[in-house]
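I have placed the structure first, in the form of structure tokens, so that the comments after it can refer back to it.
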2 protein chains.
Amino acid sequence: MNWKELFPQFEPALLEQLEKEGVERNFRAGDVIMRTGQYIKSTVLVLSGRIKIYRENEEGSEFLMYYLGPGEACAVSMICTLQSQTSEVMAQAEEETEVLMLPVQLMDQLMNEYKSWYQFVIRTYRSRFDELLTVVDNIAFRNMDERLEFYLIRYVKNTGNKQIELSHQQIADDLNSSREVISRLLKKMEQRGRVKLQRNMIEWLS
Amino acid sequence: MNWKELFPQFEPALLEQLEKEGVERNFRAGDVIMRTGQYIKSTVLVLSGRIKIYRENEEGSEFLMYYLGPGEACAVSMICTLQSQTSEVMAQAEEETEVLMLPVQLMDQLMNEYKSWYQFVIRTYRSRFDELLTVVDNIAFRNMDERLEFYLIRYVKNTGNKQIELSHQQIADDLNSSREVISRLLKKMEQRGRVKLQRNMIEWLS
DNA sequence: CAGAAATGGTGACCTGTATCACATTACCCC
DNA sequence: GGGGTAATGTGATACAGGTCACCATTTCTG
């Protein structure tokens, strides 16, 4: 894949090194890319598709934090300069996804040699941190109906598609809620004219 | 104050520059050091005391994220290379606190010139991120009784003091709960022999 | 094509926690 | 030491959201 245009801010030399030392990998929808407790051996740059980053607890409940799209990188995996750090989160392909994997040993050198890489890391970390803050806000201060609305809006923004192809169960899992609750709230949203419900699909109106 | 021993990992040249360009400031318990929406003009290194970093919503409810102690730094304020970024969080002195404030313009240079500073920034960001993940876990997966216990344990660890000098109201604010709920849960914990309750003080047993 | 599985709808009920109202206790200070 | 105030205790009630039971419909699969 011709991914270089995804990173127009990178110097040519950096792009070349990424191409030489990185490995492209493909994942299908649903593939788990990284799991909690696993050692981080490479930094992940998303080339196409979409990855969801979520937290899992002991009982297997999930909690969605955010998505990574093309041109974005997994913050957690960029900062483990110390080798043999383990992941604190799960990463799973939401759709057909291509990524570039870079050995973590490379990070220090890239950081020192390329201003644009350094900027990229800083910006990545900063924006993931901000996104996490938003997550905290949502669960700390908002009710499920507001959180659901936020979830749907974010989905539409990320996919650029007003047809949300998810079952109520999937949404409930992402929000660590239950299907019945989500179904009822969606029904209410439909009555208020915000969405249109179909099987395996929610159409976002307005 | 002689704070250099707080950062034994820093090169002498770095310490010298920090001393020359940084400004020491004192805050009394309760002083707000940074508020949401405020422009970040300096990076904060904690020299003594304790700062709490929390999130505030529109209605004025609070939600504690974590504490910063001596030798630690505010991650948010380290990464705003782009000038005129605003803070997303509140920072408030929990007790008499001394900090070293460094102009943000300095960050780029320190980052490039001192390996140990670079390591420090990375480690700071990484550990704040992890702490935030723990926060997310707590509110997403745990009930108030567990969250309260986590809160008390963290307090004891941070202060090194089993006498927790807080009113129930303060705790309720930090956890975005209400006083009555906290009082009742504390009472239960006392019955189970985990704490001993006194006015304005909770003694952590075991 | 039949049976299984996934999806969604709905009512009854339960639990955790927020809220309100008010009583009690401890402490401070003139 | 008495009055005021902050901290705490406690019952009653309200409500969001989780759980259970069950049913209907659609889709998948052998």
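Proteins come first, then strands; the chains are lettered A, B, ... in the order of their sequence lines, and each starts at number 1.
Across A:Ala29 and A:Glu95, no two heavy atoms sit closer than the pair CB-CA, 3.7 Å. Considering every non-hydrogen atom in both B:Thr86 and A:Arg126, the closest pair reads O-NH2, 3.5 Å.
Closest approach to the A:Asn143 side chain among C:dG16, C:dT19, D:dG17 is made by D:dG17 (side chain taken as heavy atoms from C-beta onward). Residue B:Ser183 places its side chain closer to D:dG9 than to any other of C:dG9, D:dG18, D:dG9. Side-chain proximity of B:His168 to the nucleotides C:dT7, D:dT8, D:dT19 is greatest for D:dT8.
Look at CD on B:Glu146: it is 9 Å from P on C:dT17, rounded to the nearest Å. Remark: C1' of C:dA6 and CE of A:Met201 are 18 Å apart, rounded to the nearest angstrom. Separating the CG atom of A:Leu197 from the P atom of D:dT25 is a distance of 17 Å, rounded to the nearest angstrom. Between A:Asn200 atom CG and C:dG9 atom C1' the separation is 15 Å, expressed in whole Å. Rounded to whole Å, the distance from CG on A:Asp145 to P on D:dG17 is 6 Å. Rounded to an integer number of Å, the gap from CE of B:Met144 to P of D:dA16 is 17 Å. B:Asn138 places its CG atom 17 Å from the C1' atom of C:dG16, with the value rounded to the nearest Å. Regarding A:Asn176, its CG atom lies at a distance of 11 Å from the C1' atom of D:dG18, rounded to whole Å.
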Test salt bridge (charged side-chain N to carboxylate O under 4.0 Å, His left out) on B:Glu203 and B:Lys196 and set out the steps.
CA-CA 5 Å; B:Glu203 188 176 351; B:Lys196 193 159 174 304; 5.0 Å; no

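In this model, no donor atom of one side chain and acceptor atom of the other lie less than 3.5 Å apart for B:Asn138 and B:Tyr151.
Taking the centre of each ring, B:Phe10 and B:Tyr114 stay at or above the 6.0 Å mark.
Remark: the backbone N or O of B:Glu5 is not paired with any side-chain donor or acceptor of B:Trp3 at under 3.5 angstrom. Put simply, the side chain of B:Trp117 never gets that close to the backbone of B:Gln119: no donor and acceptor are under 3.5 Å apart. Judged by distance alone, the side chain of B:Asn143 and the main-chain N or O of B:Glu146 form no donor-acceptor pair under 3.5 Å.
With the nearest nucleotide of DNA chain D identified for both A:Ser178 and B:Gln169, B:Gln169 has the one nearer the 5' end.
Counting only residues at least two apart or in different chains, salt bridge (charged side-chain N to carboxylate O under 4.0 Å, His left out) contacts with residues 14-33 of chain A comprise A:Lys4-A:Glu19. For the salt bridge (charged side-chain N to carboxylate O under 4.0 Å, His left out) condition, the pairs that include at least one residue of residues 153-178 of chain A, sequence neighbours left out, are A:Lys52-A:Asp174.
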I need a per-nucleotide contact map over nucleotides 20-30 of chain C, read 5' to 3'. Cutoff is protein heavy atoms under 4.0 Å; write B for the base, S for backbone only, - otherwise.
BB---BBS---

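Across all strands, A:Ser167 comes closer than 4.0 Å only to sugar-phosphate atoms, never to a base (heavy-atom distances).
At its two ends the helix from C:dC1-D:dG30 to C:dC30-D:dG1 runs along axes set 40° apart, each axis drawn from five pairs and the angle rounded to 10°.
Looking only at side-chain heavy atoms (C-beta outward), B:Ile139 and A:Val136 come within less than 4.5 Å of each other.
In this structure, B:Arg199 has no side chain to side chain contact (heavy atoms under 4.5 Å, CB included) partners at least two apart in sequence or on a different chain.
Of the residues in residues 185-194 of chain A, none has a non-hydrogen atom less than 4.0 angstrom from any atom of DNA chain D.
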